[in-house]
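Since the structure comes first, as structure tokens, the remarks are kept for the end.
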Amino acid sequence: MKALVYHGPGQRGWDTVADPTLIDPTDAVVRIDSSTICGTDLHILKGDVPETTPGTVLGHEAVGTVMEIGTGVSTVAVGDRVLVSCVSACGRCRFCRERRYGQCLGGGGWILGHTIDGLQAEYARVPFADGSLHHVPEQLSDEQVLFLADILPTSYEVGVLNGMVAPGDTLAIVGVGPIGLAAILTARLYTPGRIVAIDLDDSRLESAARFGADTTINNGREDPIARVMELTDGLGADVAFEAVGVPETFELTTELIRPGGRVANMGVHGVPATLHLEKLWIRDVTITTGLVDTHTIPQLMRLVASGRLDPTIFATHRFALGDTMSAYDAFSDAASTGALKVVLEGAERPRGANGRVAADLVAGQA
Ligand SMILES: NC(=O)c1ccc[n+]([C@@H]2O[C@H](COP(=O)([O-])OP(=O)(O)OC[C@H]3O[C@@H](n4cnc5c(N)ncnc54)[C@H](O)[C@@H]3O)[C@@H](O)[C@H]2O)c1
Ligand SMILES: [Zn+2]
Ligand SMILES: [Zn+2]
């Protein structure tokens, strides 16, 4: 089969590799019908993720069709259309029993496209199929559910739920890439009073406004702290989300919140950030961190099915799966292409779901 293979920092190829097979009884082999690229894949390609060794197939988000199941798989059958979660869950360990699948001790967690071969491929082996695959309702298109594999649950769980967003809250979102934008989309389920988006990139701020931000601030030109204070009678936001992953934006979020406010850090940090405890200790603040567990996928899928949530707004570019190399070029040059999420479409993906058929989504057409 063909797959997108990581060959070490800066190097990738669309290569012929061995077809995946069942290894453990709890495995399934899935044909990839739709996949996508994550900012984390770009981190791997930069060489920031040393656990990912050259030769690994990348990708941790997909919708597919079950082709084979091991003898220990009981909740999915051959032919089922499934969403593959970016996090695999053994279902048995202490953390899986607490729905902290990201912390799985039984061999799961974020393994796909990280420590084992991933989903930007024609086929993939999915370990712990019972805990890692979700049935997709027939009426939903691949594109309606694809982004529930990673970005929506990340922002909902690590942002909105950890940040305890409540109706009427003022939210400040620092960084409105896909993760910050998904935080806007899922926070709106709670009817916040005001959503303030902060980014250095005007095109990202335009997207934020389209996703539902009420106020946008370019912190390259304007002082975001002064603006947020002005909007909140000098108190600060109820909740601030960090969705970049660098020290300055983390430090900024802690300055944007009111006494008793919450900082929900979503960014992946590679270097230490300063926690100004000397200023924060007296302000009753809460700071949370987290790796996505994807335990909210079923809930988010119901919201999509009922028309309350529409993640298709993320799909800015579409490519045939065989053209994944070009998709990487477009995604990694988001500043000029405006890419939010690219959809990679397998050749044999089922047609007809919600009228979104492969025919009108010609290879490489944005
Ligand atoms: N916690 C988790 O489980 C989890 C899961 C997925 C992704 N992430 C992380 O979330 C973060 C965001 O992901 P993404 O895919 O949206 O990334 P992205 O790079 O596409 O978006 C980041 C945004 O931050 C903006 N930005 C950069 N520096 C800034 C600054 N100083 N001030 C304001 N804005 C700034 C950029 O213009 C961009 O729009 C990353 O760190 C990613 O690794 C975490
Ligand atoms: Zn990801
Ligand atoms: Zn587990």
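Just so it is clear, the values below take in all heavy atoms, side chains as well, and ignore hydrogens, waters and symmetry mates. Remember, it's 1-based here, ligands and their atoms both numbered in the order they're listed. Along the sequence shown, the residues carry numbers beginning at 1.
- By the criterion of a heavy-atom distance under 4.0 Å, the backbone of M266, and not its side chain, is placed next to ligand 1.
- T294 approaches S85 most closely through the heavy-atom pair OG1-OG, 2.8 Å.
- An N or O contact shorter than 3.5 Å is missing between D201 and ligand 1 by distance.
- The Zn ion (ligand 2) has an N, O or S atom of C38 under 2.8 Å away, backbone or side chain.
- Among protein heavy atoms, atom 37 (O) of ligand 1 sits closest to D199 OD1, 2.6 Å.
- By the 4.0 Å N-to-carboxylate-O rule, D27 lies close enough to R125 to be salt-bridged with it.
- Some N or O of V292 is nearer than 3.5 Å to an N or O of ligand 1, by distance alone.
- Residues E251 and H276 bring no donor and acceptor atom of their side chains to less than 3.5 Å of each other.
- A side-chain N or O of T65 and one of D33 form a donor-acceptor pair less than 3.5 Å apart.
- Protein heavy atom closest to atom 43 (O) of ligand 1, with residue, atom name and distance, is V268 CG2, 3.2 Å.
- A salt bridge does not link E206 with R210: none of the charged nitrogens is closer than 4.0 Å to a carboxylate oxygen.
- Remark: ligand 1 and V174 share no N or O pair separated by less than 3.5 Å (distance only, no angle test).
- At the shortest separation from atom 4 (C) of ligand 1 among protein heavy atoms lies T154 CG2, 3.5 Å.
- The side chain to side chain donor-acceptor pair (under 3.5 Å) test with R194 singles out one residue from D169, D238, T232, T215, and that residue is T215.
- Within D150, the N, O or S atom at minimum distance from the Zn ion (ligand 2) carries the name OD2.
- For T40, no nitrogen or oxygen atom sits less than 3.5 Å from a nitrogen or oxygen atom of ligand 1, counting backbone and side chain alike.
- Distance from atom 14 (P) of ligand 1 to its nearest protein heavy atom, with residue and atom name: I179 CG1, 3.7 Å.
- Side-chain contact check for T36 versus V343: every heavy-atom pair is 4.5 Å or farther apart.
- Of the angles at the Zn ion (ligand 3), the one spanning SG of C90 and SG of C104 is 100° when given to 10°.
- Polar contact with ligand 1: present for V244 (N/O pair, distance under 3.5 Å).
- If you check which protein heavy atom lies closest to atom 12 (C) of ligand 1, you get A243 O, 3.2 Å.
- Residues M325 and D323 are not in side-chain contact: their nearest non-hydrogen atoms beyond the backbone lie 4.5 Å or more apart.
- The protein heavy-atom contact nearest to atom 21 (O) of ligand 1 is G177 CA, 3.4 Å.
- Separating the CG atom in D199 from the CG atom in L181 is a distance of 8.5 Å, to the nearest 0.5 Å.
- Nearest-residue assignment for atom 33 (C) of ligand 1 (options D41, V87, N219; heavy-atom criterion): N219.
- Under the 30°/60° scheme for interplanar angles, the aromatic rings of F314 and F147 are found to stand perpendicular.
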#### Entry: Stepwise side-chain hydrogen bond (donor to acceptor under 3.5 Å, both in side chains) test for K341 and T316
CA-CA 6 Å; K341 284 297 257 185; T316 52; over 6 Å; no
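- The shortest N or O to N or O distance between C38 and ligand 1 is not below 3.5 Å.
- Considering backbone and side-chain atoms together, L291 places no N or O closer than 3.5 Å to any N or O of ligand 1.
- Within ligand 1, the atoms closer than 4.0 Å to a non-hydrogen atom of G175 are 24 (O), numbered from 1 in the order shown.
- Looking at T249 next to ligand 1, no N or O pair under 3.5 Å apart turns up.
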